[in-house]
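One is the number of the first residue; the rest follow in order along the sequence. Since this is a predicted model, take the numbers as computed values, not measurements.
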Amino acid sequence: MAEVLVYVDHVDGSVRKPTLELLTIARRIGEPVAVHLGAGADTAAPVLAEYGAAKVLTADAPEFADYLVVPKVDALEAAVAAVSPAAVLVPSSADGKEIAARLAVRIGSGIITDAVDVEAGDEGPVATQSVFAAAFTTKSRVSKGTPVITVKPNSAAPEAAQAAGTVEQLAVTFGDKATGTKVTSRTPRESTGRPELTEAAIVVSGGRGVNGAENFPVIEALADSLGAAVGASRAAVDAGWYPHTNQVGQTGKQVSPQLYIAAGISGAIQHRAGMQTSKTIVAVNKDSEAPIFDLVDYGVVGDLFQVLPQLTEEVKARKG
């Protein structure tokens with residue numbers, strides 16, 4: 001069976017959920033081989049094996065932490081040379097897409113970004129993408145070289161499938177450009193206790209209809225009752241009501257949760273492009289003609305300040 005490289009997204013060995021999704025997808029097209037770069041391989045290896053990694057290639061060097069993406073590209077290039085994989089799967093984060101693009105150039109291969117599914121095909125892996133602001137779905141494959149594919153979070157449910165998870169050292173030679181861009185400082189992200197926006201199974205977002213930063217607690221209350229992440233439209237973040245790091249949309253973060261609740265969001269194309277691949281979409285808006293209602297699975301025409309508190313209390317009651 002052909003091997004499939006999976007780039008491991010982790011924090012000091014704590015494997016993030018998109019990597020487990022990639023291992024699940026990789027099993028459809030071959031035998032997963034995880035590539036773990038940086039500290040924490042001993043912690044990560046059992047988890048990677050639990051989700052199907054037959055092998056775990058590891059490399060640890062200061063360059064992975066002290067410099068930006070080029071050292072990781074060097075390592076993945078070495079992994080491709082060592083394994084000759086059927087494909088390379090990378091999470092569709094900002095760093096992930098840059099790593100994938102640089103790798104594709106290095107190895108002379110085609111690249112597909114922001115896939116929402118990958119399946120085996122007669123002539124290589126076939127990726128499904130949501131394109132043109134999620135108005136169309138396409139299926140495509142790479143016709144040259146080793147396919148490099150980035151996959152959006154929440155594209156598959158992680159499924160455990162115990163494998164050997166044999167740990168092997170990966171020999172990496174860093175090029176001259178590996179140390180070109182140095183990380184000079186880091187500031188830990190302030191924890192909200194909520195899931196990461198791009199990885200969350202449920203997202204509750206507020207828009208212009210929230211009408212002020214002082215009113216966003218009604219969005220947060222519903223999100224907290226559901227164990228959800230909080231998002232915001234571009235109008236809301238541009239007005240200073242919520243941090244730009246929480247913006248959902250074409251110029252913000254793209255999300256694909258199991259449930260997306262849009263409150264006070266009209267549904268402009270810019271916002272739709274960032275959330276239209278969500279599995280179930282619910283909208284609450286006073287304007288029955290709002291474009292968001294053309295997209296949703298369930299729509300509530302009403303005042304979000306009346307609807308959301310009632311929904312929050314109902315969720316709490318059912319949980320309690």
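Among pairs with a residue in residues 29-57, those fulfilling salt bridge (Lys or Arg N to Asp or Glu O under 4.0 Å) read Glu3-Lys55, at least two apart in sequence or across chains. The salt bridge (Lys or Arg N to Asp or Glu O under 4.0 Å) pairs that include a residue from residues 66-82 are Asp74-Arg106, Glu77-Arg106, where partners are two or more places apart or lie in different chains.
A donor-acceptor pair is defined here as one N or O able to donate and one able to accept, closer than 3.5 Å; no such pair exists between the side chain of Ser278 and the backbone of Thr280. Between the side chain of Asp9 and the backbone N or O of Pro91, no donor-acceptor pair lies under 3.5 Å. One N or O on the side chain of Asp297 and one on the backbone of Ile281 form a donor-acceptor pair closer than 3.5 Å. Side-chain N or O atoms of Glu63 include none that pairs as donor or acceptor with a backbone N or O of Pro71 at under 3.5 Å. Side-chain N or O atoms of Thr312 include one that pairs as donor or acceptor with a backbone N or O of Leu308 at under 3.5 Å. Judged purely by atom type and a 3.5 angstrom limit, Lys253 uses its side chain to pair as donor or acceptor with the backbone of Thr245. Remark: side-chain polar atoms of His271 are not paired, donor with acceptor, to backbone N or O of Gln250 under 3.5 angstrom. Remark: the backbone N or O of Ser225 is paired with a side-chain donor or acceptor of Lys319 at under 3.5 angstrom. Proximity of a side-chain donor or acceptor of Ser109 to a complementary backbone N or O of Thr146 within less than 3.5 Å is detected.
Counting heavy atoms from C-beta outward, Arg141 and Pro125 have side chains that stay 4.5 Å or more apart. No side-chain heavy atom of His10 sits less than 4.5 Å from a side-chain heavy atom of Thr19. Between Ile112 and Thr150 the shortest side-chain heavy-atom distance does not fall below 4.5 Å. Proximity of Val203 to Leu197: side-chain heavy atoms (C-beta onward) are separated by under 4.5 Å at one or more points. Side-chain atoms of Val301 and Lys286, non-hydrogen and from C-beta on, never get closer than 4.5 Å to each other. Residues Val69 and Arg102 form a side-chain contact, since some pair of their non-hydrogen atoms from C-beta on lies under 4.5 Å apart. Using a 4.5 Å cut-off on side-chain heavy atoms (C-beta onward), Val218 and Pro309 make contact. Side chains of Ser266 and Ile292 form no contact here, defined as non-hydrogen atoms less than 4.5 Å apart.
Here Tyr7 pairs with nothing under the ring-ring contact (aromatic ring centres under 6.0 Å, His included) rule; sequence neighbours left out. With sequence neighbours left out, the side-chain contact (heavy atoms from CB on, under 4.5 Å) criterion links Glu119 to Val126, Lys139. With sequence neighbours left out, the side-chain contact (heavy atoms from CB on, under 4.5 Å) criterion links Gln254 to Asp114, Lys152. Qualifying side-chain contact (heavy atoms from CB on, under 4.5 Å) partners for Ala49, counting only residues two or more places apart in sequence or in other chains: Gln162. Residues satisfying the ring-ring contact (aromatic ring centres under 6.0 Å, His included) criterion with Tyr67, sequence neighbours excluded, are absent altogether. Considering only residues two or more places apart in sequence or on other chains, Arg186 meets the salt bridge (Lys or Arg N to Asp or Glu O under 4.0 Å) condition with none of them. In this structure Val105 satisfies the side-chain contact (heavy atoms from CB on, under 4.5 Å) test with no other residue, sequence neighbours excluded. Listed by chain and number, the residues in a ring-ring contact (aromatic ring centres under 6.0 Å, His included) with Phe216 are Tyr242 (sequence neighbours excluded).
Salt-bridge formation is detected for the pair Asp117/Arg28: a Lys NZ or Arg NE/NH1/NH2 atom is positioned less than 4.0 Å from an Asp or Glu carboxylate oxygen.
Looking at every heavy atom in both residues, Thr43 comes nearest to Gly13 through CG2-O, 3.7 Å. The heavy-atom pair separating Arg194 from Glu220 by the smallest distance is NH2-CB, 3.4 Å. The heavy-atom pair separating Ser256 from Asn154 by the smallest distance is O-CB, 2.9 Å. Annotation for Pro257 and Val255: closest pair CD-C, 3.5 Å, computed over non-hydrogen atoms. Contact record, Ala39 with Asp60: N-OD1, 3.5 Å, taken as the closest heavy-atom pair. Between Ala86 and Ala2, the shortest heavy-atom distance links the atoms CB-CB, 3.6 Å.
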Practice problem: Evaluate the criterion side-chain contact (heavy atoms from CB on, under 4.5 Å) for residue pair Ile111 and Val142; output intermediate values, then yes/no. | Solution: CA-CA 7 Å; Ile111 181 173; Val142 170; 5.9 Å; no
Practice problem: Show the numbers, then the answer: is there a side-chain hydrogen bond (donor to acceptor under 3.5 Å, both in side chains) between Thr24 and Tyr51? | Solution: CA-CA 7 Å; Thr24 301; Tyr51 283 85; over 6 Å; no
Practice problem: Walk me through it: do Val118 and Thr128 pass the test side-chain contact (heavy atoms from CB on, under 4.5 Å)? | Solution: CA-CA 6 Å; Val118 183; Thr128 302; over 6 Å; no
Quiz prompt | Stepwise side-chain contact (heavy atoms from CB on, under 4.5 Å) check, Val116 with Gln129 | solution = CA-CA 6 Å; Val116 294; Gln129 292 167 288; 5.9 Å; no
Practice problem: Decide yes or no on side-chain contact (heavy atoms from CB on, under 4.5 Å) for Trp241 and Asn215, but give the supporting numbers first. | Solution: CA-CA 9 Å; Trp241 300 346; Asn215 296 325; over 6 Å; no
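Side-chain contact annotation: Ser205 with Tyr260, donor-acceptor N/O pair under 3.5 Å present. Side-chain atoms of Gln270 and Thr251 form a donor-acceptor pair, as typed in the model, at a separation below 3.5 Å.
Residue Leu226 is grouped with residue Val307 when hydrophobic side chains (ILVMFWY) are merged at heavy-atom distances under 4.5 angstrom, including chains of intermediate members. The cluster map of Ile, Leu, Val, Met, Phe, Trp and Tyr, joined by side-chain heavy atoms under 4.5 Å apart, puts Leu22 and Val88 in different clusters. Linking Ile, Leu, Val, Met, Phe, Trp and Tyr residues whenever their side-chain heavy atoms come within less than 4.5 Å leaves Val6 and Leu57 in two separate clusters. In the hydrophobic cluster analysis, where Ile, Leu, Val, Met, Phe, Trp and Tyr join through side-chain heavy atoms closer than 4.5 angstrom, Ile29 is grouped apart from Leu5. Hydrophobic cluster membership differs between Val296 and Ile269, with clusters built from Ile, Leu, Val, Met, Phe, Trp and Tyr side chains linked at under 4.5 angstrom.
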Donor-acceptor list for residues 166-183 side chains, cut-off 3.5 Å, not counting sequence neighbours:
from	atom 1	to	atom 2	distance (Å)
Gln169	NE2	Thr58	OG1	3.1

All N/O donor-acceptor pairs, side-chain side in residues 229-239, below 3.5 Å, sequence neighbours left out:
from	atom 1	to	atom 2	distance (Å)
Ser233	OG	Ala236	N	3.3
Arg234	NE	Asp238	OD2	3.2

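Taking CD1 of Ile219 as the start and CD1 of Ile261 as the end, the distance is 9.0 Å to the nearest 0.5 Å. A distance of 11.5 Å separates CG of Leu304 from CG of Leu311, quoted to the nearest 0.5 Å.
More than 12 heavy atoms of other shown residues, nucleotides or ligands fall within 6.0 angstrom of atom CD in Glu214. More than 12 non-hydrogen atoms from other residues, nucleotides or ligands lie less than 6.0 angstrom from NZ of Lys17.
Exactly one residue among Val8, Leu48, Leu89 makes a side chain to side chain contact (heavy atoms under 4.5 Å, CB included) with Leu23. That residue is Leu48.
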